[in-house]
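Data first, discussion second: the structure below is written as structure tokens.
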Amino acid sequence: QVQLVQSGGGSVQAGGSLRLSCVASTSSESNSMGWFRQAPGKEREGVAAIDRPGKSIYAGFVKGRFTISKDNAKNTLYLQMDSLEPEDTAMYYCAAGPRWYLLGQTVDATDFAYWGQGTQVTVSS
């Protein structure tokens, strides 16, 4: 089983940056990890994902602004978010799953079995 603890959310002005972190209790079930977000009244949507070998997938709305990375030795996932926009305001969740390889082009929730507690990101204009 995997427990995921998130940190790094907060409030920033448009154009600012934040880095989200997610620490997993074990690596055995967190071969692939990802970030999702949900705004009030909206569907949950995938943001970015990374598999064991390090291949990354990004949602189209990222438009080069975000970078997903991981530190396998520390069982830690990161999301560096730059050039933030008000539309990025949402609750952000990290996720982990057993898949070693992410073969698709989309960040798919069915690839993940464990979820963090969420952290709020608010971007003001």
Side-chain angles (χ1 to χ4, degrees):
Q1 311 302 295
V2 179
Q3 293 180 315
L4 303 173
V5 180
Q6 300 178 224
S7 62
S11 298
V12 297
Q13 293 183 236
S17 298
L18 286 172
R19 189 172 80 155
L20 307 183
S21 299
C22 176
V23 180
S25 61
T26 179
S27 63
S28 63
E29 298 291 333
S30 57
N31 295 308
S32 294
M33 300 186 75
W35 293 97
F36 293 78
R37 71 186 190 184
Q38 188 168 28
K42 301 291 185 66
E43 297 279 324
R44 180 181 60 185
E45 59 184 353
V47 178
I50 188 166
D51 65 12
R52 172 68 77 157
K55 187 191 77 174
S56 59
I57 302 170
Y58 295 95
F61 61 75
V62 168
K63 295 180 289 187
R65 300 175 300 129
F66 300 171
T67 302
I68 188 170
S69 63
K70 61 178 180 175
D71 184 335
N72 287 329
K74 297 180 179 180
N75 294 329
T76 302
L77 177 74
Y78 304 98
L79 184 68
Q80 177 67 43
M81 302 187 290
D82 300 315
S83 301
L84 283 162
E85 304 168 350
E87 293 77 15
D88 296 316
T89 295
M91 186 73 73
Y92 283 70
Y93 299 90
C94 68
R99 302 179 73 99
W100 281 68
Y101 306 99
L102 297 174
L103 303 179
Q105 295 283 80
T106 59
V107 183
D108 190 341
T110 63
D111 289 328
F112 305 98
Y114 306 99
W115 298 85
Q117 81 278 14
T119 188
Q120 180 68 37
V121 170
T122 301
V123 184
S124 62
S125 59

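Only a predicted model underlies this, so the values are computations on that prediction, with no experimental measurement involved.
In the hydrophobic clustering of ILVMFWY residues, with side-chain heavy atoms under 4.5 Å counting as a link, Val47 and Leu20 come out together. Cluster annotation: Ile57 is connected to Phe112 through the hydrophobic network of ILVMFWY side chains, with a link wherever side-chain heavy atoms come within less than 4.5 Å. Under a hydrophobic-cluster definition in which Ile, Leu, Val, Met, Phe, Trp and Tyr are linked whenever side-chain heavy atoms come within less than 4.5 Å, directly or via other members, Leu79 and Tyr114 are assigned to the same cluster. Under the 4.5 Å side-chain heavy-atom criterion for ILVMFWY residues, no single connected hydrophobic cluster contains both Phe36 and Val123. Following chains of ILVMFWY side-chain contacts shorter than 4.5 Å, one cannot reach Trp100 starting from Met33, and the two form parts of different hydrophobic clusters.
Nearest heavy-atom pair, Val2 versus Ala96, reported as atom, atom and distance to 0.1 Å: CG1-CB, 4.5 Å. For the pair Ala90 and Gln120, the tightest heavy-atom approach, listed with the atom from each and the gap, is O-NE2, 3.3 Å. Looking at every heavy atom in both residues, Met91 comes nearest to Gly118 through SD-C, 3.8 Å. Summarising the geometry of Ala59 relative to Gly46, their closest heavy-atom pair is CB-O, 3.3 Å, with the distance given to 0.1 Å.
Within the 3.5 Å criterion, the main-chain N or O of Tyr92 finds no donor-acceptor partner in the side chain of Thr119. Using a distance-only test at 3.5 Å, with no hydrogens or angles considered, a donor-acceptor pair links the side chain of Lys70 to the main chain of Arg52. Although no hydrogens or angles enter the test, the distance criterion places no donor-acceptor pair under 3.5 Å between the side chain of Asp82 and the main chain of Ser17. When atom types are taken as modelled, the side chain of Arg99 and the backbone of Asp111 share no donor-acceptor pair closer than 3.5 angstrom.
Looking at heavy atoms from C-beta onward, Cys94 lies in side-chain contact with Leu77 at the 4.5 angstrom threshold. Counting only heavy atoms from C-beta outward, the side chains of Gln6 and Trp35 approach each other to under 4.5 Å. Considering only heavy atoms from C-beta on, Val121 comes within 4.5 Å of Met81 through its side chain. Side-chain contact check for Phe66 versus Leu84: some heavy-atom pair is nearer than 4.5 Å.
Residues Asp108 and Thr110 have side chains that bring a donor and an acceptor to within less than 3.5 angstrom of each other. Side-chain N/O atoms of Ser32 and Asp51 include no donor and acceptor closer than 3.5 Å.
Here the OG atom belonging to Ser21 is positioned 9.5 Å from the CD atom belonging to Gln80, to the nearest 0.5 angstrom. The CD atom of Gln13 sits 13.0 Å away from the OG1 atom of Thr122 when rounded to the nearest 0.5 Å.
Each of Glu87, Glu85, Glu45 was scored for a side chain to side chain contact (heavy atoms under 4.5 Å, CB included) with Phe61, with one residue passing: Glu45.
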Going through the distances and angles, do Tyr78 and Thr67 end up as a side-chain contact (heavy atoms from CB on, under 4.5 Å)? CA-CA 8 Å; Tyr78 304 98; Thr67 302; over 6 Å; no
Would you sort out whether Gln117 and Leu4 count as a side-chain contact (heavy atoms from CB on, under 4.5 Å), showing the intermediate values? CA-CA 7 Å; Gln117 81 278 14; Leu4 303 173; 5.9 Å; no
Would you sort out whether Asp88 and Arg37 count as a side-chain contact (heavy atoms from CB on, under 4.5 Å), showing the intermediate values? CA-CA 9 Å; Asp88 296 316; Arg37 71 186 190 184; 2.9 Å; yes
